Structure formats: structure tokens, C-alpha cells
Amino acid sequence: MDQVVLNSGDTAWMLASTALVLLMTPGLAFFYGGMVRTKSVLNMMMMSMVTIGIVSVLWVIYGFELAFGYTSDSPWYGGFGLSGLGSQVNELTNNGGIYPIPVLVFAAFQLMFAIITPALISGAIADRAKFTAWAVFVAIWSTVVYFPVAHWVFAFGNKVGDTITSTGYLAGKGVQDFAGGTAVHINAGAAGLALAIVLGKRIGWRKESMRPHSLPLVMLGAGLLWFGWFGFNAGSSLAANGIAGLALMNTQVATAGAVIGWLLVEKIRNGHATSLGAASGAVSGLVAITPACAFVAPWAAVVIGFIAGILCSLAVSLKYKFGFDDSLDVVGVHLVGGVWGSLSIGLFGSSVVNSIGLDGILYGGGTALLGKQALGVGLVFAYSFIATLIIGYAIEKTIGFRVTREVEIEGIDLKEHAESAYELASSSRGGASL
Amino acid sequence: MDQVVLNSGDTAWMLASTALVLLMTPGLAFFYGGMVRTKSVLNMMMMSMVTIGIVSVLWVIYGFELAFGYTSDSPWYGGFGLSGLGSQVNELTNNGGIYPIPVLVFAAFQLMFAIITPALISGAIADRAKFTAWAVFVAIWSTVVYFPVAHWVFAFGNKVGDTITSTGYLAGKGVQDFAGGTAVHINAGAAGLALAIVLGKRIGWRKESMRPHSLPLVMLGAGLLWFGWFGFNAGSSLAANGIAGLALMNTQVATAGAVIGWLLVEKIRNGHATSLGAASGAVSGLVAITPACAFVAPWAAVVIGFIAGILCSLAVSLKYKFGFDDSLDVVGVHLVGGVWGSLSIGLFGSSVVNSIGLDGILYGGGTALLGKQALGVGLVFAYSFIATLIIGYAIEKTIGFRVTREVEIEGIDLKEHAESAYELASSSRGGASL
Amino acid sequence: MDQVVLNSGDTAWMLASTALVLLMTPGLAFFYGGMVRTKSVLNMMMMSMVTIGIVSVLWVIYGFELAFGYTSDSPWYGGFGLSGLGSQVNELTNNGGIYPIPVLVFAAFQLMFAIITPALISGAIADRAKFTAWAVFVAIWSTVVYFPVAHWVFAFGNKVGDTITSTGYLAGKGVQDFAGGTAVHINAGAAGLALAIVLGKRIGWRKESMRPHSLPLVMLGAGLLWFGWFGFNAGSSLAANGIAGLALMNTQVATAGAVIGWLLVEKIRNGHATSLGAASGAVSGLVAITPACAFVAPWAAVVIGFIAGILCSLAVSLKYKFGFDDSLDVVGVHLVGGVWGSLSIGLFGSSVVNSIGLDGILYGGGTALLGKQALGVGLVFAYSFIATLIIGYAIEKTIGFRVTREVEIEGIDLKEHAESAYELASSSRGGASL
Amino acid sequence: MKLITAILKPFKLDEVKDALQAAGINGMTVSEASGFGRQRGHTEVYRGAEYTVDLVPKVRLEVLVDDKDAASTVDVIVKAASTGSIGDGKVWTTPVEQVVRVRTGERGPDAI
Amino acid sequence: MKLITAILKPFKLDEVKDALQAAGINGMTVSEASGFGRQRGHTEVYRGAEYTVDLVPKVRLEVLVDDKDAASTVDVIVKAASTGSIGDGKVWTTPVEQVVRVRTGERGPDAI
Amino acid sequence: MKLITAILKPFKLDEVKDALQAAGINGMTVSEASGFGRQRGHTEVYRGAEYTVDLVPKVRLEVLVDDKDAASTVDVIVKAASTGSIGDGKVWTTPVEQVVRVRTGERGPDAI
Ligand SMILES: Nc1ncnc2c1ncn2[C@@H]1O[C@H](COP(=O)(O)OP(=O)(O)O)[C@@H](O)[C@H]1O
Ligand SMILES: Nc1ncnc2c1ncn2[C@@H]1O[C@H](COP(=O)(O)OP(=O)(O)O)[C@@H](O)[C@H]1O
Ligand SMILES: Nc1ncnc2c1ncn2[C@@H]1O[C@H](COP(=O)(O)OP(=O)(O)O)[C@@H](O)[C@H]1O
């Protein structure tokens, strides 16, 4: 193990996976952008775009160090210090073991996770957040919430000889989260809930219909998310091996199960299976299988996905009951799906399927694993929710987080970005026939 | 050969290819969705989405076993029996030889083929199929038609020591189909023809103009299909090697040739080269090179593609002559392109290019190979067409396959899915200016 | 080194990279297509589509030979002669060293560069080029400009034993261009400038508003470009190794920096950060980091990108000053970004980061490297600009390059392609409710 | 001269157009509209929330005619547009004082 | 009979519709429009170039009413549509000579 | 008061708007329309099938004016919109009985 040399196959898969996960954020921008009204499409997409910009730059300066550095030897964060990532070109990845892939590839792969997590939150506050305030939020939230939480969950530590130091808190406790059920989805879902509370309801919520302005755009987003998620989940093995294959298969079939689950609920409840339901079901399945994808058998993945589709389709109505305007259902899909997926390992986890996994209840492993999973779920939820409330209110009280009533009615695209998404009219100036 | 160990490079390419092929089905949904009228976009996309859902789940339960299982030792099907795919995580692929990639990766890759084939059929019956009936059709057709036909063509058998058993019928006969000219395209094309006959013509067919509602969406679909098809064809080598490189190059240049072929026909016949023509030409080239991509030289691929573009652009008019409403030209593109591509190997096949290939007529191999190819073409066409007719009529007579006149006129999106694709109007409720 | 055998990991990454780079051209078609008015969307996309068709076919016949052949032993071009690429299936790539990847994979990868370069030019002449004239231009320009220039920059020569022959002129001079700052971006930018001059201004330029008809389409294009660009840059290492990882990371963070740079300029100058600005910033960053991505440290990539965003956002206004209608800012983004990126290596280049790189001014390497870079920039600019002017005027004087006034006003989609991009109206014939 | 305005079901437009041409009317202007009336709208469902959309797509047809043709033209439209089901639409006539053909400047009935 | 045409701010449409229904008016036709007037348009920015878009989105409402209801209907619309800020729109009344219900062929006030 | 309605070629809209403003008309409402008339439509081709699209894009302009300004306003529009080629459009005038400015409730000529 000491003399690990670069494995080009593993590296090839990680390079491809990194590209796939990057694509998820534009995918998310389309998924969200299609769901809002014509007057806020661009703002929705810009929240994702600027997140890519800000988080990438922070990552180089201190983010990777804060999440995956070793200097602190703390279970809560990696290390303080500026990095620049300049001297690490020929190093291999060390994360609880030496992986035969360049550390910069690992850093780039993990960067994509750091990007999509805050981008996910934006769905909760569609149509009403000041763009500058959002940018400030992303910078603070990534620093205070995501980077540390990523350390808790994903930092398996610095291995020197037989000693491993700097292991993250949840990783050290044996909480299983293969690709980010806690660090990404519960984290984003809890933050989305907090921000929806901080910003309050949109004007006209529950009274006006706020129909998705373009379902084909939603479907495009869902398609790109699904595609990119293979990198997210199967890439999390950090190798092109059997575990990656398992994660890939499970990602596919859980998502399929969730599509069916969500559509069945709709068919029974509303009499119609909708395309928004299919897209939403897909995302809920992808979310739920994320933590579990390398720990369960494919048949169990189908079941996890199917249940996720049912649970999330029921959960999206909760906001009307509790009266918070989680506009695009970050809570209903990512929080609920993430919680279910994380806990499901406690049921379906199997050490036969993955030798580094543990047996869940159904495989005779008892409730021990479920308990650990509940710890991960609870800790990440609580920290993210509280920290986000504080950050959110702080921004609201200082520079203001919510746009004015006028901006909201006239349209945030026009007022915040001085643009209109579409100019399709054939008689628009300069168009049409002689 | 006995001690084959996992090859991470081959596995990396197969993981990436699987993701690429998954993306083809959303790509197809956009390609088809752009071509229909505004009132049936979502239904068109939903036919693809639910196909992904249903086939993936069936694959885990019995599909992979039925197509690639060894228990039957039959040339006609793999094996009956539930699988769940649970115990195979660390096995390598055995398909007429042990491949150094995890069997689950092979299973996931092949799953994507099983998904796109029925999805392709949906283009023949745009705007008029009951959604539930379509879902039932997909489940039955996959089971009765696709899974067995995949065994005929793609199952090279179970190799134990020097013995190979369970080889599929056409594979055993030496019919060459690298990535699915018969099993995928002729199969889907024949089924599309059958369903177009079963469901009958759309109201207003030939009288009303049924212009594509969004050609940019069609172009997006074509672009994603082209991109994903590199996984489809070059992934079919199950390895990252020279054959994959050949398949990749041929896929690109045949498609290019077909774009030019189709556009030339249009320019000469109608005076205008259209974007729908370019997109259609691309797909016809991709279809035609699919069976041949690893058996011919790049210059021959250009010729095969160029002829495919010409043939298919002429073939799409046949439906008006014969009076069947193959709405989005599944027959004209996939059946005709698939037949031409499969037979073209009998002309251009070259053992110099690929040592496991055979020489076609142009390389002095005589008509033997062409004869084999014709056998594959004929058998798959006949079986798929007849079986689909039976399944289609059975569904029509029982639960009904076609929507009512009212649904068709008011729009299938609204009536079957309770949704509208777009709500772009700036004055839609809640929109626009103070 | 003599006994190089195929490396499946490197090959896997190159196969994936090739697919990624192919996707960039449809991505570009959407990026450009979204920016034009509704009446010329399809023409914009068709300029890219037909470029894919023509260049791919030429590549097989003589293009690869002209760019990367060895027969001439000239620094200016590879070799004359028809190839067909038929006999090279099992050869490995030889380009200044034997790479363990099949030569056809290298040829396919390089083909994608040959495609996107002329496609980039089309943005300069939106809405007003005869389609046939464009097709003729692409064929001539690729042959006379791109194929030779690719030889100058990318042909590291034919290595036999210890002798390397046929090295391209700029490659031989030690000009550093990792993935095409000169050969692709400066080349396309200079040609775009020339064609904008040849074709003249659009009717109504500067008087009418020519607003982008669909910014979501622009964002889609930018997203796909970004995604595909990982193949472009990280694939240019021709291997899945640490250099690829560096290129990947730098591509991401430079682009992020450029998004922020462009948006800051907008915010300060116009008071609004726009989505078109974010998309344009991203492309400018991708362009600028292209030559430098494997020669600089990640922190330097952020700086290069940030400055690119600022420079290009200022440069796009130059056309109004100088009075040329470079419609979609090929000059402002690709020429300016390409020049800056190529020169930036002379500042930030570091042999610590990449052992085959040289030290720029900031690393104590003096101005030598900057001088070489300036040579590359100047030579490619001058050759491309002059050659394109000549080709452009020749076409204009013979078959005519620009459409008539009537075609331009009525819309080039309708007149040149006999199509309309959208037919969204719910009351369009055959649509809507009973 | 009169202006006849008709609100119709969109899928009837082609038939009405043909009927008008058969009746010798060779010019008309069409635009999109949404109608509210006895005809019910429809229900759409988004993530389980049901919305009633009470505006129904319609087309709006405007035909300028000479006084003497007004009544018969209305009849032609009504006949061609009728399906007998709720929501078939309305046709109404308003007086027009002057019509000009932009191209030639012709005025009055000649301009139609 | 009269035709009342109203140009309104789009976000007021629902309120006006509700007010009309409350006043017993159960039919109307709506279409999209853009208005130019005292209300300023807005500025859009594309790659640094600023464009003034001086047309503002509006909806156009048409209501056929019996002569006797005309004045009160205008009042209902004006009341419901008013926000007091520039650009609230116009409402105007024109005479209608004949109205036909396509479905039944009914004419005059019965057709409304 | 009069309502002047004009059906115009879309690319002429800006010129007409400028001409109206120059003539002191500072309000108007614009909407999209499609026209059918002497001007031929065009042919589109989809997978070899040729379709004739006989509706041509137009814009529809509505201007309320005081009685005394009606004739001159029509002239301004006709002059600015004319290209001399078929399909330039129509301009017509109808009587208006009442106009109300929603914002203020002003009526009659003051409301324009
Ligand atoms: N009072 C009205 N004013 C203007 N348009 C009306 C009026 N009533 C109905 N309409 C138009 O006529 C259409 C059909 O009316 P509706 O009441 O649904 O059916 P019907 O005319 O068959 O009784 C409506 O959708 C609307 O566009
Ligand atoms: N003379 C006119 N003719 C037709 N429509 C007009 C006229 N003047 C204004 N309008 C319409 O009324 C809308 C509001 O007018 P505006 O002058 O902006 O505000 P206000 O009516 O509050 O003074 C305009 O956007 C336009 O649609
Ligand atoms: N009788 C009519 N009623 C209403 N609109 C008409 C009528 N005739 C023509 N138009 C409108 O005027 C436009 C121009 O008419 P057309 O006959 O094409 O040319 P021209 O007015 O130059 O003779 C048409 O596209 C249509 O919108």
C-alpha cells in the first residue's frame, strides 16, 4: 500500500465523474428555472451560476483546506490556512488511505459537491432573493456550514503509515454516507427550510397559481441531473471498480423506482401522472439512493427509490400545512429524501454486497447501524438549520435579503438582472415579415 | 485468460458509456418532444420517462436474467427466474469470454439499451396513446420482445473453461451487429410500424399541418443523442481499446456523412436544407453505423452514413404513400437505417480493420456475410412486427390504446397529464409589470 | 519507451474526452442560437451542424493527414495525400512521442477541435450569411487555415527511435499552447473579425435592439460548453494523469474567476449582473485558460480567469467603437480571451507545476517565454486574419456570401431553411381546446 | 362599413377561413385570445396542487366588410364555427367610419 | 349593446375578473397587449449595451354588455383595476350593432 | 372620440411609433396579430413535406384620439407604415362613446 502509483483507469473515471458532477449544477439551474414563472427564470439560473463562481474560488483559497486539510487534527474541520493548491500536482489522494488518483482530481471532484449543495438551497427562495444578498449568503454558508460538514462526513483522514489522523466526526463514528445524503441533501434541505422561513412567503402564495413556465426545461434539468448523478454516486468510490458499478446500477434503478412511486401516488390521488411528477420522482430517488448506493443490493435500491418517490410526493404538500413557502420543494425532496435514504442503510445495508459496509436490520445487523445513521441525520440537520437561520437573519437585518414588493411583482429578472428570459414574439422589433 | 482481473481503464470507459447511453433516452424525449405540437410535448416526453422507470425495475427483477442468464441454455432466451442482482457485485462479466469489467457494469450498460429500444417506438404513435396503455405495452413488449431478442443478438454465451453455452441464436450464426442495428433499431422500427397500424392515423393527418413546435428542442435532442451514442457504439466494445477507438471514429464520421446526405437530398428536392433535416440525418447516420461501427474502415463509415442520409430522407415520405401515420418516422429512420446498416457490413466489412470481423463483398469475402446479415434483419423484423401487432391489438381490445377524439383535439398533455408544457405569456396570472 | 502498450485508462479518458468535445459544438449552437433573434435561431444552429458534417468528412479524406501526417517533414503542414484512416486501427498515437492510446482516438479527439474552430467563427456573421456560402467557406477555411495551423501548434512530430521529424513550426519554437489558445481561439477570433468585415453590418445594427431571444438557451449552451471543455483541456494531456487533473482543476477555477470578473464589471458599470454576462464570462474564462491550463497553478488560473472576465467584458464594446458588427462577439471573447490566455503563460507559467513547462516572469523565468507566446499569438492572428479576408472576399465576389435585404428582414430561417424555430401558440392550427 | 369580430374555438379557424374565402372574403386578421364564459376551464396539477385555469384558448378574428355584406358574412362565420357545444364563441358587428389601405392610400370600401 | 375594451396591468386581471363576476358579468375575452404611454418602459442590458424597452406588458379585456349595464360595468372595471400609479390603463366603450352566439345562433342581448 | 386600429408590418412598428410621437400622440396599445390577404404566406418544409403557412405576422396598433385628431392621425400612420408593397396593412376608424383613465377616473378626451 505504501508504494501506491497512479492508476490511469481510476483517474479516468474520476476525471469523467468530476465533469459529470459539474454538469449537475447547470442541470439544477434548468430544473429550477423551468419551475418558476417566466419573470424569474434568469434569477433562478443566476443563483446557481454565481454559486459555481464563488465556491470555486473559495475552494482554491481555503475551502479545500478547511474541508480536507490535515493541519487541525480536529473532527470538526480540516485546517485553516490559504492553499492555492499550487504544489500538489503530483501528489496522490490521501483520505483515510492513499488512492491512486491525483489529489487535484479529488479536490476538483469534491469541489463540485461543494458547489451543488448551496445551489440546491436556492430552490426554497425562488423569485424573491436579492442577488447580491444571495452571493454573500453563498460565501458565508459555504465557509461556515458546508466546508466543515463535508469534513465531518467525507474526511476519512490523513493516513501516514498505519496512523490515520484528522478523521471527520461522523466518518469517525462510522456513519455511512456514500455520496452525500447528509452532507449534501439534508444539509441543503435544512438550510432551504431555514431560508424559506427567513425570507417569508411570496406575494400571492396559495392564492395565485404559480405554474411552471416550461416543463420541457424542467425535464431537461432532470435529465442532466440524472446523467450527472452517475458521476456523483459512482464517482464517490474514487475508483473504477465493482463498488462504482454497484453504485451506478443502484443509482439507475432506485431512480426508476422513485419515478414509478411518485407517478402512482399522483395517479391515485389526482387521477393523472404528470411530467413534473416524473421529474420530481427522479430527483427524489436520486437523493435517497445517494447515501446508500454502495451499501445495498440493487433490489433494495429499487425499494428505497420506490418508497422515496411515495414519501417525497406526499411530503411536498406539507409546506401548505405548515405555511412556509419552500417554493420548489427543497425540503420535500432533498430533506425528506436525504433523511429516508440515510436511514434506509440501517435497514437494507449489507456487508455481503459491500465488504466495507455493515449489516442493517434486514440483514440481521440489529439497530446499531440505524442508530449511527440517525446521529448523522440529526446532527447535520440541526447544525445546518440553526446556522442557516442565523446567517439568513443576519443578512436580512443588514443588507436585506428580500427584494421589494415592486421588484417581486414586476419580476426579479427585469429588476435585478435587467433582462428578460425570452423574446420569442415574431413581431418583436426587427423581426417578422416585410 | 482464466485469471482475468478487473481492468480499471475498461471499467472507467464502461461506467462513462453507461451514463452516456442513459442520457440518450432524455435526448430522445427532447428530439421527439420538439417535433410534436405544443399540446403533446409532455406526453411525448413522459412515454420515454416511464419507459426508463418500468424497464429498469423489470431488469432487476427478471430482465437481465431473461436476456443474459445462462440457466436455459437456449438460443432464444437466457433464463427464467428472479434475480435482484444482489450477489454479483464482485463478479466479472462473462459473455462468450470473461471481460475484466464488473458484471453489474455490463448489466447497467445493457439496461440502457433495453430502455431506449421501447422508447424509440413511441415516436410512431405521437399524440394519441393512452398513457396507462403505453406503460402496460412497455412492460409486455420488453418482456416478450426485447429481452429475448437481446439474447439472440447480444448473448455470446457463458464461458466455462473452453466451453461456451447459452449463446444467442443470431450471435451463434455469426450475424454481426456490434451495437444493436437489429436488436435495437430494426426491432423498434418494426414495432413502430405495427403500433402505427394498430392505433391508426391522427385526426387531421395529411390535412392539417403538424409542424414541430420547437426545432431548438429537436436540435438539443439530436445533440444529446449524438453525444450519448459514442457510449452506445464505442462502449459496445466493453473495453477502452482500439476497437472502441474505431467505433468512436466511425460513429462520428458516418453521422457527418449522413447529415450531408440528407441535406443534399433536401437542397435538391425542396431547394432548402433544413435543421430538421440535419437532425434527422444525424440520427439516420447514427442508426446505420450502429451495427457496423467496429467492422468497417472510417472511409466506409462515411459512405455508409452518406447513403443512410439519402435513403432515410427518401424513406420518410413512404408513409404518405402507404397511408400509415408513423408520426415521427420511426420506420423511415430506425427501420430503414437499421436494415441498411446491418446489410452494409456484408459490403464493407473488413477483417483487416477488425480481426474478429469478416470480409464483406468489397473485400472479397463474397456474399456469405451479407446472407447472415439478411437472416438477422429478417428474423428480428418478422418477430418484432408480428409480436407487436398482437400485443398492440390485445391492449386496444382490452383496456384501449388510443385516446378519445376529444382528448386528441384538446391535447393529450392537458387531458392525460393535467399539465401544459409552457406558460410563457408575460401577462399570465401573477406575471408582468406593476 | 519503445515497447509502449495500450493503456486502457488513458484510452478511456480520451474516448470520454472526445465525446465531451463533440458536445461542445451543439453547445455552441445553443449558446449562439439563444443570442440571436427568433428569426435566425435555426440558421445559427445549422452553421454549426453543417460544420460538423463537412469537417468530419474532410478529416477522413485528407484533413488528419494534412494536420498530423509526417510525409512532408515540413513545419507548416503535415502531408498531402488521401488517407481514409483505414489501416490504423491498431496503431498507437505518435506525436512527438508514442502515447499509449490508439491513433484513431487521437484522430477523433483532434477532429473535434477541427470542428469547433470554424463553428466558433459563425457567431461573427449571425443572421446574414448564405448557407451554401458558409458551407463552402468551412471547407476552404478548414483546408487552408485550420489544418495547417493545427500542424504548427499541435504536431509535436513523428518520433522514430530518438529522432523526431515533422514538428510543427510553433511547437518547434517552444510556444506553449496546451489546448488551443492560438490554434483554436485566436484563429477563430481573427477569422471572425475578417468575416464580420467582409459581410458588413446587419440591417438595423445599433439602431434596433437585437435582444437575445432566449437566455435559457444561452445558459444551456454555456453549461454544455463548460462541461465539454473539461474534455477539451484535460483531454489535451492525452492521458489520465496528474497533468489532466491540473488542467481539469484550472479549467474549473479560471472559469469561475471569469464569471465573477465579468459580473463585477457589469455590476459596477450597469448596476446589474446579467445572466448573459455570467454565460459570457464563463466562456471567456474557458477560452483564456485553454492554452495555460496545464502550465499554471490553480491560484494563477483564478487570476487568469478573473482578468479574462474583466478584459473580455470591456472588449465586447470595442465593436461599437470600431464599427464592425461582430454579432456575437467572437472577437471580444475568443480573440481577446485567447490572446490574454496565451500571453498569461509568459507571466504565470511554472516549471514546478508542470515539469515540461517553463517559468514565466513571475517565477523568475524572464521574458523569454512571453516572447515565444507573442510569436504564436502574432503569427496565428496574422495568418488567419489575412487568409480569411481573402477567402471571404473570394466567396463574396463569386457565389455571394451575404443574403439579400429581403431575406435578412423576413428572417434567414424562413428564407434559407424554410422553417420557423418555434410554433408555440396554443391556438396554432390543430391546437387548443374543443 | 362594418367590422365583424369573432371569438372562436382555435381548431375551427381553418374551416372558418375556408368558408369566408368561399364567400368571397379575401382578407382578415387573426389574433390569439383567451375566453371566459359558460365553458368551463380545466384543472392542472403541479406536485399534487390542483389549479383551475378558467381561461380557455380562443382565436379572435376581425373582418372588415362593406355594409351590404355584413349580415351574410356573420352568417358564414357562425355556420362554419358552430359545433353546438358550449364555448363556440361570439360574433359581433361594429360600425366603421373609415378604412384606409396603407399601401395605396385607397379609402372606404375600395380599401377592403 | 356595447363593447367595453379595457387595457389593464396584467397582475390586476384576476381582481377585475372577480369583480365582474360579482357584478353578474359572466363572459369576457382576454388577450395580451403591450402599452406605450406615460408609464416608462424599462432598461435591459446585454453585454454592456443598454436597451430601452418602451412597451410595457398589458392585458386587453373585452366585455360585451347590454346598453343598460355599460356604465356600471365600466365603473366596476375601473374600480378593480386601479392602483393609483401611472400606467393603470384605459377603459373605453364602443357601440355594437349585432351580437350572435355561435353555438345557438341567438342574437342581440340574449347572445351575451 | 375615435379608436384608430391599424394592422401593420411588424418591422414598421418603430417608425410608426416615432411618427405618432412626433405628431403629439403619446399613448397607444400594441398587440400581435396574423394577417390573411393579398400578400402570400410562405412555404415551410419538414422532412420533405411542404406546408403553406398562409397567415403572415402583423402587429395591431390601437390609438384613441380626439375626434379632431382622427383624420390626421390616420394619415401619420399610413405615411409611416407604407412600403408600397403588398401586405402593408389597413387602418380603420371606429366611434368611441366613452373613455376612462383607470388611474384617475378622468373621462372623455381628458382620459386620452
Ligand atoms: N360578454 C362577453 N363579452 C366578451 N366575450 C365574451 C362574452 N361572453 C362570452 N365571451 C366569449 O365567448 C366565448 C364563449 O362563451 P361561452 O359563454 O363559454 O359559450 P357560449 O357562447 O357557447 O355560450 C368565451 O370564451 C369568451 O371568449
Ligand atoms: N391614446 C391611447 N390609445 C390607446 N391606448 C392608450 C392610449 N394612451 C394610453 N394607452 C394605453 O393605456 C396604458 C396606460 O397609459 P399611460 O399613459 O401609461 O398611463 P395612465 O393611463 O395611467 O396615464 C398604456 O400602456 C397604453 O396601453
Ligand atoms: N377585410 C379585411 N378585414 C380585416 N383585416 C384585413 C382585411 N383585409 C386585409 N386585412 C389585413 O390587412 C393585411 C394586409 O392585407 P393584404 O391584402 O395582404 O395587402 P394590402 O392591404 O396591401 O392589399 C392582411 O394581412 C390582414 O391582416
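In what follows, chains carry the letters A, B, and so on, assigned in the order in which the sequence lines appear, proteins first and then strands, with residues in each chain numbered from 1. Note that the structure is a prediction, hence the values are computed from the model and not measured.
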Asker: Looking at chain D, which one of F/Ala71, F/Ser34, F/Gly84, F/Gly37 has the largest number of heavy-atom pairs inside 4.5 Å, strictly under?
Answerer: F/Ser34
Asker: Run the side-chain contact (heavy atoms from CB on, under 4.5 Å) check on F/Trp92 and D/Leu64 step by step: do they pass?
Answerer: CA-CA 9 Å; F/Trp92 66 83; D/Leu64 293 163; 3.3 Å; yes
Asker: Rounded to the nearest 0.5 Å, how far apart are OG of D/Ser31 and CZ of F/Arg60?
Answerer: 6.0 Å
Asker: If I measure from the heavy atoms of chain F, does D/Glu62 come under 4.5 Å with its side chain, its backbone, both, or neither?
Answerer: side chain
Asker: For chain D, find which of F/Gly89, F/Ala70, F/Ala81, F/Gly35 contributes the most heavy-atom pairs closer than 4.5 angstrom.
Answerer: F/Gly89
Asker: Flag the pair F/Asp54 and D/Lys17 as a salt bridge only when some basic side-chain nitrogen lies within less than 4.0 angstrom of an acidic carboxylate oxygen.
Answerer: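 The answer is yes: the pair qualifies as a salt bridge.
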Asker: How many angstroms lie between CG in D/Asn26 and CZ in F/Phe36, if you round to the nearest 0.5 Å?
Answerer: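 Here the interatomic distance stands at 6.5 Å.
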Asker: Using side-chain heavy atoms (C-beta onward) and a distance below 4.5 Å, is F/Ser82 in contact with D/Arg103?
Answerer: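 Counting from C-beta outward, F/Ser82 and D/Arg103 never come under 4.5 Å.
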Asker: Under 4.5 Å from any heavy atom of chain F, what part of D/Leu3 do you find: side chain, backbone, both or neither?
Answerer: side chain
Asker: Taking only Lys NZ, Arg NE, NH1 and NH2, and the carboxylate oxygens of Asp or Glu, determine whether D/Asp110 and F/Lys90 approach each other closer than 4.0 Å.
Answerer: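 No, no charged N to carboxylate O under 4.0 Å.
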Asker: Answer yes or no: is there a side-chain heavy-atom contact under 4.5 Å between D/Thr29 and F/Leu55?
Answerer: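 No, too far: nothing below the 4.5 Å cut-off.
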Asker: Locate the shortest heavy-atom distance separating F/Thr94 from D/Val96; write the atom from each residue and the value.
Answerer: CG2-CG2, 3.9 Å
Asker: Indicate yes or no: at least one non-hydrogen side-chain atom of D/Val99 is less than 4.5 angstrom from one of F/Val91.
Answerer: no
Asker: Can you confirm whether D/Pro95 sits close enough to F/Pro95 that some side-chain heavy atom of one is under 4.5 Å from a side-chain heavy atom of the other?
Answerer: yes
Asker: Evaluate the side-chain proximity of D/Glu97 to F/Lys2: yes if any heavy-atom separation is below 4.5 Å, no if none is.
Answerer: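 They are in side-chain contact.
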